[in-house]
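Some notes on the structure that comes next.
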Amino acid sequence: MPHPSSAGGRFIGLSAPLLAVAYVVLTAGPVLLASFTGGQQGPTTFSLLARAAGVAALAMFLMQFVTSGRFETISGRIGLDRTMGFHRLAAVGALGMLGLHIVFFLFRPGESGVAAMARRLLGYLLRADLFTGVVATLVAVFLILTGKYLRGKLLPYPAWRLGHGAMAVALVLLGLHHAFTNARFMADPLGAAALLFIALVALASLLVVYVLRPVHAFRYGFTVVSARAVSPTIAELVLTTGVPERFSFSAGQFAWLTIGRRHTVTDNPFSIASAPSDLPQLRFLIRNAGDMSGSITRLASGTRIGVDGPHGSFTLNEAGDGPILLLAGGIGIAPVLSLVRALAAAGDPRPVRLIAGARSAADHVVRTEIEDLMAGHDFRAIFLTDMDDEAGCEKGTCDAGHLARMLDGLDPGAVTAFVCGPPVMMETAVGLLVEAGVPAERVVMERFDFDAGDDVICRIVRRRFISVMALVYGATFAVALTAALFR
């Protein structure tokens with residue numbers, strides 16, 4: 001990916017290929033090291049496969065702390081949305097590896113059959129020495145199911161996040177106890193040392209997230225300048241700092257905000273709506289989503305705000321030299337406004353086109369601002385609404401006709417499209433863009449459900465995630481089978 005301009009934020013992360021290699025080494029590596037001596041401890045090939053899968057599963061669960069930690073080394077270049085998407089898919093991969101750890105132990109030569117396997121499973125469940133392993137498995141299943149289907153739904157998000165983290169810590173502690181008291185595959189000190197090293201890395205990530213980050217988030221010195229409602233559903237929050245040299249970002253990025261003296265476990269992500277040239281002021285447009293976002297307008301001037309960021313790769317560094325097409329839905333206009341402000345401040349001569357959708361004309365809160373900023377530029381825009389066609393807006397959602405109007409006179413193959421909005425809107429937009437001739441690799445979007453989305457870009461990203469998981473599985477069982485040959 002391109003590096004940011006000198007005026008942009010901090011993209012200091014590793015490349016995607018290097019991250020993939022690092023993940024495979026750290027998850028399958030302990031299996032390789034443990035096989036040197038531990039591989040001789042398995043009486044059958046199936047038992048070796050089971051023990052290898054158990055070591056790999058534990059390493060994968062430990063790595064979950066690292067992939068969820070918002071570390072720039074990991075997400076700086078690929079985008080935090082992709083990092084979190086991989087985190088969720090890797091959790092399923094770790095659970096699958098844990099399942100194989102159990103299933104392989106149920107196979108024994110000469111004792112096949114469902115009934116025999118069921119008896120062995122019941123025997124394992126009732127063994128006192130396997131208690132921590134059984135509990136760890138149950139915690140893993142509960143953790144992943146609640147993370148996938150109940151995230152932030154039954155409890156306030158901060159409470160859910162704390163509970164999720166506490167269960168993850170319990171899972172790995174139980175897993176480590178099980179591994180070092182029962183797993184003969186860990187007889188090799190090199191394998192044990194490798195697993196302990198990853199455990200220390202996971203512990204370090206926890207210390208950063210829960211101890212260092214709460215301090216670091218407030219070092220930028222941001223306080224509230226103003227907090228006001230700009231529509232019935234949208235608030236504008238403006239911050240300022242006396243030490244702007246401490247904070248830099250690229251237009252289009254976002255940050256997690258913590259209010260007052262609270263711990264950063266209560267923070268929430270919001271897109272930055274201002275441009276880097278607007279510092280020392282930092283501006284956000286925030287939709288009332290029924291959580292803490294609804295209290296934004298009650299913030300008093302001078303309130304301290306913790307800022308964890310910047311994050312994200314929804315930036316002009318991802319654009320080519322050709323025309324730019326911006327598609328925004330709802331509060332997705334916030335990072336798009338940041339891009340527009342940056343383009344205007346730089347006097348960028350490229351053609352810029354915008355299609356912005358909102359529930360009503362009143363929710364197009366920055367329409368006039370954008371039109372004023374782009375006066376004198378090669379700029380055209382369509383403002384769509386769900387409810388009415390007043391105030392110069394068109395009623396309806398973005399369709400092929402709107403795209404055709406915006407792409408008229410432009411080479412679709414040279415266009416970079418930035419898409420931000422609700423997941424359904426982004427999926428539809430990506431399909432329309434590709435049909436209109438915009439290459440998928442020139443569509444830039446930021447979404448935190450790449451593991452679940454159904455558009456062409458999500459499918460591409462998900463295939464890459466699955467490829468990494470396949471490498472982990474392949475390396476793990478190749479090592480185990482090799483160890484079986486030399487047993």
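By convention here, the first residue in the shown sequence is residue 1.
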task: Please indicate whether Asp321 has more than 12 foreign heavy atoms, meaning atoms of other residues, nucleotides or ligands, lying under 6.0 Å from its CG.
output: no
field: Donor-acceptor under 3.5 Å (Thr416 side chain, Gly320 main chain)
entry: yes
field: Distance, nearest 0.5 Å, that separates CG of Leu282 from CD1 of Ile272
entry: 4.5 Å
message: In the structure I gave you, are the side-chain heavy atoms of Phe418 and Leu316 within less than 4.5 Å of one another anywhere?
response: yes
message: Please give me the minimum heavy-atom distance between Leu125 and Val134, naming the atom from each residue.
response: CD2-CG1, 3.9 Å
message: Please report the interatomic distance CG(Leu195) to CG(Leu190), rounded to the nearest 0.5 Å.
response: 12.5 Å
- request: Rounded to the nearest 0.5 Å, what's the gap from OG on Ser467 to CZ on Arg462? Could you check?
  value: 12.5 Å
- prompt: Got a donor-acceptor contact below 3.5 angstrom from the Ser338 side chain to the Gly252 backbone?
  reply: yes
- prompt: With side chains defined as the heavy atoms from C-beta onward, is the minimum distance between Met60 and Leu95 less than 4.5 Å?
  reply: no
query: Is there a donor-acceptor pair under 3.5 Å between the side chain of His402 and the backbone N or O of Asp399?
result: yes
- request: Taking the side chain as every heavy atom from C-beta outward, state whether Thr44 and Arg108 have any pair of such atoms under 4.5 Å apart.
  value: no
- prompt: With no hydrogens and no angle check, is any side-chain donor or acceptor of Arg287 less than 3.5 Å from a backbone partner on Gly330?
  reply: no
- request: If the plane angle is over 60° it's perpendicular, under 30° parallel, otherwise tilted; pick one for His101 and His178.
  value: perpendicular
Donor-acceptor contact below 3.5 Å, side chain Glu427 vs main chain Asp455: no
- request: Would you confirm whether Glu446, through its side chain, and Asp81, through its main-chain N or O, come within 3.5 Å as a donor-acceptor pair?
  value: no
message: Test your reading of the model: is there a side-chain donor-acceptor pair from Arg213 to the backbone of Gly69, 3.5 Å cut-off?
response: yes
- request: State whether the side chain of Gln253 and the backbone N or O of Ser250 hold a donor-acceptor pair below 3.5 Å, judged by distance alone.
  value: yes
task: Spell out, as yes or no, whether a donor-acceptor pair under 3.5 Å connects the side chain of Tyr473 to the backbone of Met97.
output: yes
message: Determine whether the aromatic ring centres of residues Phe254 and Phe249 are separated by less than 6.0 angstrom.
response: no
task: Could you pull out the closest heavy-atom pair between Thr83 and Ser75, with the gap in Å?
output: OG1-CB, 3.3 Å
message: Is there a side-chain contact between Val443 and Val438 in this structure, where contact means two heavy atoms from C-beta onward sitting under 4.5 Å apart?
response: yes
- request: For the pair Arg161 and Asp267, find out whether any cationic side-chain nitrogen is under 4.0 Å from an anionic carboxylate oxygen.
  value: yes
message: Run the ring pair (Phe, Tyr, Trp, His ring centres under 6.0 Å) test on Phe477 and Phe104 for me, step by step, so that the C-alpha distance in whole Å, both residues' side-chain angles and the decisive distance to 0.1 Å come before the verdict.
response: CA-CA 12 Å; Phe477 295 119; Phe104 282 133; 5.8 Å; yes
- line: d(Ile74 CD1, Arg82 CZ) to nearest 0.5 Å is 15.5 Å
message: Ring centres under 6.0 Å, that's the criterion: do Phe65 and Phe71 meet it?
response: no
field: Tyr220 and His216 aromatic ring geometry - parallel, tilted or perpendicular at 30°/60° bounds
entry: perpendicular
- request: Check whether any side-chain heavy atom of Phe314 lies under 4.5 Å from a side-chain heavy atom of Cys420, and answer yes or no.
  value: yes
query: Less than 4.5 Å apart, any side-chain heavy atom of Leu325 and any of Val419?
result: no
Min side-chain heavy-atom separation Phe46-Arg51 under 4.5 Å: no
- prompt: Under 6.0 Å from the CZ atom of Phe142, do we count more than 12 heavy atoms belonging to anything else shown?
  reply: no
task: Inspect the surroundings of CZ in Arg350 and state if more than 12 heavy atoms from other residues, nucleotides or ligands are less than 6.0 Å away.
output: yes
query: Does a side-chain heavy-atom distance below 4.5 Å link Cys398 with Leu327?
result: yes
